[in-house]
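A quick write-up on the structure given underneath.
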2 protein chains.
Amino acid sequence: MLKTQRQPPDAELREMARYFYALKDILRLRILVTLGDREMTVTELAQELRISQPLVSFHLRPLRVLGLVQVRRVGREVFYSVNVAEIQRRQDEFMNLLTRAKI
Amino acid sequence: MLKTQRQPPDAELREMARYFYALKDILRLRILVTLGDREMTVTELAQELRISQPLVSFHLRPLRVLGLVQVRRVGREVFYSVNVAEIQRRQDEFMNLLTRAKI
DNA sequence: CCGTTTAATAAAAGCCTGTTTATATATTAG
DNA sequence: CTAATATATAAACAGGCTTTTATTAAACGG
């Protein structure tokens with residue numbers, strides 16, 4: 001019998017699709033790269049990227065929900081920064097899925 | 001003066017967004033994982049995943065265009081397999097973008 | 001309190017995408 | 001050459017998403 005790879009459960013693939021979905025947009029990548037420089041508030045991000053504040057909030061949401069960015073509230077300002085560790089973790093998880101040892 | 005990160009050119013981010021866009025779908029991830037097991041034809045993939053042949057072809061296209069899967073034609077059958085090296089390369093490229101050394 | 005600032009959410013509009021169904025293209029068998 | 005098989009592409013439909021505009025919520029300053 002041929003060795004066959006265990007198929008990952010649907011939930012795992014769905015979660016991974018959500019991760020890639022959160023990164024599929026060039027605006028989101030710009031946000032991440034900009035935040036890779038330094039922690040910034042929503043308004044600062046909007047100015048730097050020349051887009052409206054609601055649009056920044058709209059794109060920050062999935063990044064925040066998935067834990068790809070970290071949030072720190074100070075007064076009425078909200079500082080965002082990249083969560084490199086969490087991103088690295090998900091990247092590793094993906095590569096493991098593709099190269100998983102055969103059973 | 002504060003150290004500031006060089007902003008990657010738009011083309012680079014657009015290409016990276018295309019990469020994530022190609023992976024944002026659970027069906028595409030299922031295709032990749034299934035192909036991670038062994039080389040398969042389009043028809044085999046359709047049967048294994050219980051979806052129509054045109055839908056498989058539709059999802060294979062962006063993966064093929066970006067070089068995430070490899071193609072080998074034999075007669076009228078087309079065998080697809082995962083290009084792990086290319087995927088790894090893009091993953092590394094992304095992490096470099098996020099953690100690029102400050103200037 | 002009251003006005004101002006910061007960020008998130010809601011509503012509306014226009015656009016794009018995934019899926020199905022149908023068709024075209026290429027290769028093989030007879 | 002004709003029929004059959006394998007794959008890719010086209011057309012059409014349905015549903016969802018991004019963006020803008022407007023509003024709400026929360027926190028601060030006077």
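A, B, ... follow the sequence lines: proteins, then strands. Residue 1 opens every chain. Values reported hereafter were calculated over all heavy atoms of this structure, with side chains retained and with hydrogens, waters and symmetry mates removed. Worth saying up front: this structure is predicted, and the values here are computed from it rather than measured.
- The separation between B:Y21 atom OH and D:dC17 atom P is 11 Å, rounded to whole Å.
- Among the atoms of the strands shown, none is found under 4.0 Å from any heavy atom of B:I51.
- Distance, B:F20 CZ to C:dT17 P: 18 Å, rounded to whole Å.
- The six-membered or imidazole ring of A:Y21 lies away from that of B:F20, with a centre-to-centre distance of 6.0 Å or more.
- Between the side chains of B:Y19 and B:E86, no donor N or O sits under 3.5 Å from an acceptor N or O.
- In this model, no donor atom of one side chain and acceptor atom of the other lie less than 3.5 Å apart for B:T43 and B:Q47.
- For C:dT17, neither phosphate oxygen OP1 nor OP2 lies less than 4.0 angstrom from any side-chain nitrogen or oxygen of B:K24.
- Checking side-chain atoms of A:N83 against main-chain N and O of A:Q70 turns up no donor-acceptor pair under 3.5 Å.
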Practice task
Using a 4.0 Å cut-off on protein heavy atoms (strictly under), produce a 5'-to-3' string for nucleotides 3-14 of chain D with B for base contact, S for backbone-only sugar-phosphate contact, and - for none.
Solution key: -BBSBBB-----
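- Between A:L45 atom CG and C:dA8 atom P the separation is 10 Å, expressed in whole Å.
- Under the 3.5 Å distance criterion, with hydrogens and angles disregarded, a donor-acceptor pair is assigned to the side chains of A:Y80 and A:R64.
- A:I26 has its CD1 atom 14 Å from the P atom of D:dT18, to the nearest Å.
- Nearest heavy-atom pair across A:R76 and A:R73 is O-NH2, 3.9 Å.
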